[in-house]
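Below: one structure, written as structure tokens.
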Amino acid sequence: MSLTLTSSTPATRAATAADREAGAQSVLRGRCTLVGAGPGDPELLTLKALRAIQSATVLLVDDLVSDDIVAMAAPGARVIHVGKRGGCKSTPQSFIERLMIMAVREGEHVVRLKGGDPFIFGRGGEEVEHLAQAGIHVDVVNGITAGLAGLTSLGVPLTHRAHAQGVVFITGHAKPGSPGPDWRTLAATAHSARLTLVIYMGVSSAGSIQDELLSGLPPATPIVVVQNASLPLQRHAVGTLATLQRTIADNGLCSPSIIVVGDVLQGLAAASASAHPALEKAA
């Protein structure tokens, strides 16, 4: 025996729409959270980030997230490493986004675990937009960014009433096909507006950044390069804008590092000069 609907009534149309909505809800029964893991030190996690990590059934983890933080996940959670490092083999962004959508549609609580903050050079905005197009709402949990943690660990502020009226976070790694930041304009603005510059992913292009910034900032402007901010293996080196590239090379600094440029570093530079007078004279 079979039933054949020979006409469409308001009631049947409403029932069909309800069925479609129920079907969509059953497909999208999981959820997704972007979590900032901070610069690496587990004690710098927010409580909200910790709760999200512990409740996740699937974690998609970036390279810069420390093992100690990943270890906080529930024992049964699936941990998938989807690293992205400049100069290294990386997981394609489109593949990561497909994984997120697939897992949510399978009913998982997906936590996309990112170093630092998801919305500061973490491609969090791209991922939120992509998932929204798939009908998936994303919660975002902020994390402490390395540009703040690295300088704080040295006892130096990003802003100071006597030295810096603001701060600029900027990437030294341009998107392929993009000309990248206008360093000359930025240098002139930083000098006139008294801004601290915090440069992410700038070690490999430090030579060109140095040359461009010198067009608008004094050569004696202090700089510091901080590698592995907040971690036990954190290292840093102090110099001037005129010696930025040499400071990196002489100290063997590499990624992940942040470069900070500005007069908020005057005290740190003076302390470094007192501790290493021979090096300061050589510079």
Side-chain angles (χ1 to χ4, degrees), residues 34-50 53 62-70 72 113-122 124 140-173 186 190 193-203 206 209 213 217 221-241 244 247-248 251-276:
L34 299 189
V35 176
D41 182 352
E43 294 189 352
L44 292 179
L45 278 177
T46 64
L47 293 175
K48 193 170 185 178
L50 177 60
I53 292 168
D62 274 350
D63 269 350
L64 295 180
V65 177
S66 69
D67 292 340
D68 289 340
I69 291 176
V70 177
M72 295 176 175
L113 197 54
K114 296 172 171 287
D117 184 276
F119 280 1
I120 298 183
F121 307 122
V140 179
V141 179
N142 294 115
I144 295 176
T145 186
L148 174 59
L151 212 53
T152 299
S153 71
L154 303 178
V156 179
L158 285 172
T159 63
H160 190 291
R161 287 193 300 171
H163 302 298
Q165 303 302 306
V167 58
V168 175
F169 294 117
I170 191 162
T171 176
H173 179 69
L186 182 61
R194 300 168 68 200
L195 304 176
T196 303
L197 302 182
V198 182
I199 305 168
Y200 291 68
M201 298 170 281
V203 169
I209 291 173
L213 289 182
L217 286 169
T221 303
I223 62 97
V224 67
V225 183
V226 184
Q227 180 180 330
N228 292 315
S230 86
L231 292 173
L233 15 115
Q234 174 178 312
R235 303 168 57 225
H236 76 276
V238 179
T240 65
L241 183 56
L244 171 60
T247 299
I248 292 172
N251 290 277
L253 296 170
C254 58
S255 179
S257 293
I258 53 129
I259 300 169
V260 182
V261 181
D263 285 340
V264 289
L265 298 167
Q266 285 181 1
L268 183 66
S272 177
S274 299
H276 307 286

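Note that the coordinates shown come from a computational prediction; the quantities given were computed from them, not determined experimentally.
- A donor-acceptor contact shorter than 3.5 Å links the side chain of Asp117 to the backbone of Phe119.
- No donor-acceptor pair closer than 3.5 Å links the side chain of Arg235 to the backbone N or O of Ala229.
- Remark: the backbone N or O of Leu253 is not paired with any side-chain donor or acceptor of Asn251 at under 3.5 angstrom.
- The shortest side-chain heavy-atom distance between Ile53 and Leu113 falls under the 4.5 Å cut-off.
- Between the CG atom of Asn228 and the NE2 atom of His236 there is a distance of 13.5 Å, given to the nearest 0.5 Å.
- Looking only at distances, no side-chain donor or acceptor of Thr145 sits under 3.5 Å from a matching main-chain atom of Leu148.
- Rounding to the nearest 0.5 Å gives a distance of 5.0 Å between CD1 of Ile199 and CD1 of Ile209.
- Put simply, the side chain of Leu265 reaches to within 4.5 Å of the side chain of Leu151, judged on heavy atoms.
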- Would you check, one step at a time, whether the test side chain to side chain contact (heavy atoms under 4.5 Å, CB included) holds for Val198 with Val168? CA-CA 6 Å; Val198 182; Val168 175; over 6 Å; no
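- For the residue pair Gly143 and Pro118, the shortest heavy atom distance occurs at N-CD, 4.2 Å.
- For the atom pair Asp68 CG and Leu231 CG, the distance stands at 9.0 Å (nearest 0.5 Å).
- The backbone N or O of His173 sits less than 3.5 Å from a side-chain atom of Thr171, completing a donor-acceptor pair.
- The nearest pair of heavy atoms linking Gly150 to Gln234 is O-NE2, 4.3 Å.
- Listed here is the closest heavy atom pair of Leu197 and Ala190: CD2-CB, 3.9 Å.
- The main-chain N or O of Gly122 is found under 3.5 Å from a side-chain atom of Lys114 such that the two form a donor-acceptor pair.
- To the nearest 0.5 Å, the span separating CD1 on Ile69 from CG on Leu64 amounts to 11.0 Å.
- Rounded to the nearest 0.5 angstrom, Leu45 CG and Ser66 OG are separated by 7.5 Å.
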- Message: If you apply the rule side chain to side chain contact (heavy atoms under 4.5 Å, CB included), what do you find for Val203 with Ile248, and how did you get there?
- Response: CA-CA 8 Å; Val203 169; Ile248 292 172; 3.9 Å; yes
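- To the nearest 0.5 Å, atoms CG (Leu213) and CG (Leu217) are separated by 6.0 Å.
- Gln227 contributes a side-chain N or O that, together with a main-chain N or O of Cys254, makes up a donor-acceptor pair within less than 3.5 Å.
- Residues Thr152 and Ile144 form no side-chain contact, since every pair of their non-hydrogen atoms from C-beta on lies 4.5 Å or further apart.
- In terms of modelled atom types and a separation under 3.5 Å, the side chain of Tyr200 and the main chain of Gly147 share a donor-acceptor contact.
- Counting only heavy atoms from C-beta outward, the side chains of Ser255 and Met201 never approach each other to under 4.5 Å.
- A heavy-atom distance below 4.5 Å is not found between the side chains of Pro222 and Val238.
- Between the side chain of Thr196 and the backbone N or O of Thr159, no donor-acceptor pair lies under 3.5 Å.
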- Should Val141 and Leu34 be marked as a side chain to side chain contact (heavy atoms under 4.5 Å, CB included) after you check the CA-CA gap, both sets of side-chain angles, and the distance that decides it? CA-CA 6 Å; Val141 179; Leu34 299 189; over 6 Å; no
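- Among all heavy-atom pairs drawn from His160 and Gln165, the shortest one is O-NE2, 3.9 Å.
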- Report the C-alpha separation of Val260 and Val226 in whole Å, then their side-chain angles, then the decisive distance to 0.1 Å, and conclude whether the side chain to side chain contact (heavy atoms under 4.5 Å, CB included) test is met. CA-CA 8 Å; Val260 182; Val226 184; 5.6 Å; no
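- Val264 has its side chain out of reach of Leu158: every pair of non-hydrogen atoms, C-beta onward, lies at least 4.5 Å apart.
- In terms of heavy-atom proximity, His163 sits nearest to Gln266 at CE1-OE1, 3.3 Å.
- Between Val65 and Gly115, the closest heavy-atom pair is CG2-N, 3.7 Å.
- You'll find the side chain of Leu44 reaches within 4.5 Å of the side chain of Ser230, heavy atoms only.
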